[in-house]
Amino acid sequence: MHSSVSVSVQGLVQRYGKVTAVDGLDLDVREGECFGLLGPNGAGKTTTIEVIVGLLSPSSGEVRVLGRPWGEDDAALRSRIGVSLQETRFADRLTVREVVALFRSFYPKGRDPLAVVREVGLEEKEAAWTSKLSGGQRQRLALACALVGDPELLVLDEPTTGLDPQARLRMGETIRSYRDRGRTVLLTTHYMEEAQRQCDRVAVIDRGKVIALGSPTELVRSLGGDMVVEFALSEGEVSESELRGVAGVRGIRRSNGAFHITAGESHVTVPALLDRLRERGAVPAQMTIRHATLEDVYVSLTGRILRDE
């Protein structure tokens, strides 16, 4: 489906003094896909993004963007990339329309600024000063600035942080429509449901290394089961080893006093699980059955809940 590679990262290492932020990272982002980088703060996601867009020179390793390395004709390469980092500062006394038009002027070709303002849902604020915008509106303005040059590669670092659910969905639609035009999107996010919905493939990064790579479906399937049964006990006690032999159990972990059991078929596992608890004199306070998610994959791989650190 994807004929070529838009971003190639091979053996990337980035050090800050004695601290290694990125430790031998390999990535290929294919042309025309939405690719997500997942992981906690401190995992190396933002550093990787900054190297990819040419803001940092790597300590070692090779990075090629749209078939070219940084350091040859950087102005030409930047004109093909749209970037929105975690924080974008705007001049307070410029309007939304003026800011987007200014960013359009930085590119040799691009889109109509007002059309982009409408696309990100800021048409009612086009004459407002940026100082009057809410945090979510500033996020959408940053996306408009990244889109207005009609880039081949769109790089977004935490684009929906701080947005309300409705605004997050709208921004997701904008990103998907851009990808549907055959362009490439590389984004970082802490929202697992967003990555599962948006991304063709994701890489989970931890401590500067890729620890899992694949489509959301492939990574969830790697758990060995599609369902997760969660419960805490109101009476009695049972060990993980006593539950491992229950029919259909593929994996088990315990967090904050609750059991999280991965199962292939809940209609097989749940009755068998209740029987085992009854045998041990244990009573569940409540039981929840849900589909496995990317967050389950992350916790399975690292033993830690995805969170800011």
Side-chain angles (χ1 to χ4, degrees), residues 1-16 21-37 44-91 94 98-113 115-116 119-120 141-159 174-175 178-188 200-201 203 205 208 210:
M1 182 174 69
H2 306 284
S3 58
S4 61
V5 174
S6 287
V7 178
S8 174
V9 178
Q10 302 296 323
L12 175 62
V13 175
Q14 187 67 44
R15 297 188 183 92
Y16 300 99
V22 182
D23 190 10
L25 187 141
D26 296 323
L27 276 183
D28 281 336
V29 179
R30 301 166 185 164
E31 182 180 333
E33 76 174 338
C34 182
F35 189 98
L37 293 181
K45 305 186 307 299
T46 294
T47 298
T48 300
I49 290 289
E50 290 177 346
V51 172
I52 287 171
V53 301
L55 293 176
L56 288 176
S57 296
S59 302
S60 63
E62 182 180 353
V63 177
R64 296 184 70 85
V65 179
L66 301 174
R68 305 174 66 167
W70 289 105
E72 290 185 355
D73 187 350
D74 289 359
L77 187 50
R78 285 195 174 94
S79 73
R80 301 166 65 192
I81 303 171
V83 181
S84 176
L85 299 178
Q86 285 189 28
E87 183 179 357
T88 303
R89 296 187 179 183
F90 303 105
L94 288 180
E98 290 168 339
V99 167
V100 180
L102 176 64
F103 272 76
R104 167 62 187 87
S105 72
F106 299 153
Y107 294 88
K109 62 182 181 64
R111 301 174 57 195
D112 173 41
V116 177
E119 186 173 315
V120 300
L141 178 56
L143 177 61
C145 293
L147 288 171
V148 74
D150 200 22
E152 297 168 50
L153 171 65
L154 182 62
V155 181
L156 306 172
D157 193 9
E158 304 286 353
T174 301
I175 294 169
Y178 177 85
R179 191 272 316 271
D180 290 344
R181 297 205 305 267
R183 305 304 175 87
T184 306
V185 182
L186 171 61
L187 62 85
T188 72
D200 299 296
R201 291 190 304 144
I205 297 179
V210 174

Minimum heavy-atom distance between T47 and A21, given as atom pair plus value: OG1-CB, 4.0 Å
- prompt: Hey, is the main chain of E158 close enough, under 3.5 Å, to the side chain of T188 for a donor-acceptor pair?
  reply: yes
task: Sort and list the pairs that fulfil side-chain hydrogen bond (donor to acceptor under 3.5 Å, both in side chains) and have at least one residue in residues 61-76, not counting sequence neighbours.
output: none
field: Salt bridge present between R104 and D112 (N-O < 4.0 angstrom)
entry: no
- line: In short, L141 meets V100 closest at the heavy-atom pair CD1-CG2, 3.6 Å
- line: With sequence neighbours left out, the residues meeting side-chain contact (heavy atoms from CB on, under 4.5 Å) with R179 are C34, R176, V185, D200
field: R111, CZ atom: more than 12 neighbouring heavy atoms under 6.0 Å
entry: yes
field: Donor-acceptor contact below 3.5 Å, side chain T184 vs main chain S6
entry: no
Sub-4.5 Å side-chain heavy-atom contact between V9 and V7: yes
message: Name the residue from R183, K109, R80, R181 that meets the salt bridge (charged side-chain N to carboxylate O under 4.0 Å, His left out) definition with E152.
response: R80
message: Test of understanding: with side-chain contact (heavy atoms from CB on, under 4.5 Å), list the residues that count as partners of A203, not counting sequence neighbours.
response: L27, F35, L37, V210, L213
query: Hey, mind stepping through V51 and V22 against side-chain contact (heavy atoms from CB on, under 4.5 Å) and telling me if it holds?
result: CA-CA 10 Å; V51 172; V22 182; over 6 Å; no
field: Sub-4.5 Å side-chain heavy-atom contact between L66 and I81
entry: yes
- request: Identify the heavy atoms of A144 and V120 that sit nearest to each other, and give their distance.
  value: CB-CG2, 3.9 Å
query: Is there a side-chain contact between Y16 and L56, using heavy atoms and a 4.5 Å cut-off?
result: yes
- prompt: So do V99 and C145 actually touch side chain to side chain, heavy atoms under 4.5 Å?
  reply: yes
statement: Value for CG (L25) from OG1 (T48), rounded to nearest 0.5 Å, stands at 5.0 Å
- request: For P151 and G82, work out which heavy atoms get closest and say how close.
  value: CB-N, 3.2 Å
query: Taking all non-hydrogen atoms of both residues, which atom of L94 and which atom of E98 are closest, and how far apart?
result: CA-OE1, 3.4 Å
- prompt: Hey, is R201 close enough to D28 for a salt bridge, meaning N to O under 4.0 Å?
  reply: no
field: Non-hydrogen atoms of P58 and G61 that approach each other most closely
entry: CG-O, 4.4 Å
field: Rounded distance (nearest 0.5 Å) linking atom CG of L186 with atom CD of E33
entry: 9.0 Å
- prompt: Taking only residues two or more places apart in sequence, or in another chain, which ones meet T46 in a side-chain contact (heavy atoms from CB on, under 4.5 Å)?
  reply: E50, Q86, D157
- request: Look up atom CD1 in I175 and atom CG in D180, then write down how far apart they are to the nearest 0.5 Å.
  value: 12.0 Å
Those residues that, when tested against R78, pass side chain to side chain donor-acceptor pair (under 3.5 Å) (two or more places apart): none
field: All ring pair (Phe, Tyr, Trp, His ring centres under 6.0 Å) counterparts of F103, not counting sequence neighbours
entry: F106
task: For S4 and E31, test the side chains for any donor-to-acceptor distance below 3.5 angstrom and give the result as yes or no.
output: yes
message: Do L147 and L154 have side chains that approach each other closer than 4.5 Å (heavy atoms only, starting at C-beta)?
response: yes
field: S105 side chain near L102 side chain, heavy-atom distance below 4.5 Å
entry: yes
- line: dist S60:OG -> L12:CG (nearest 0.5 Å) comes out at 7.5 Å
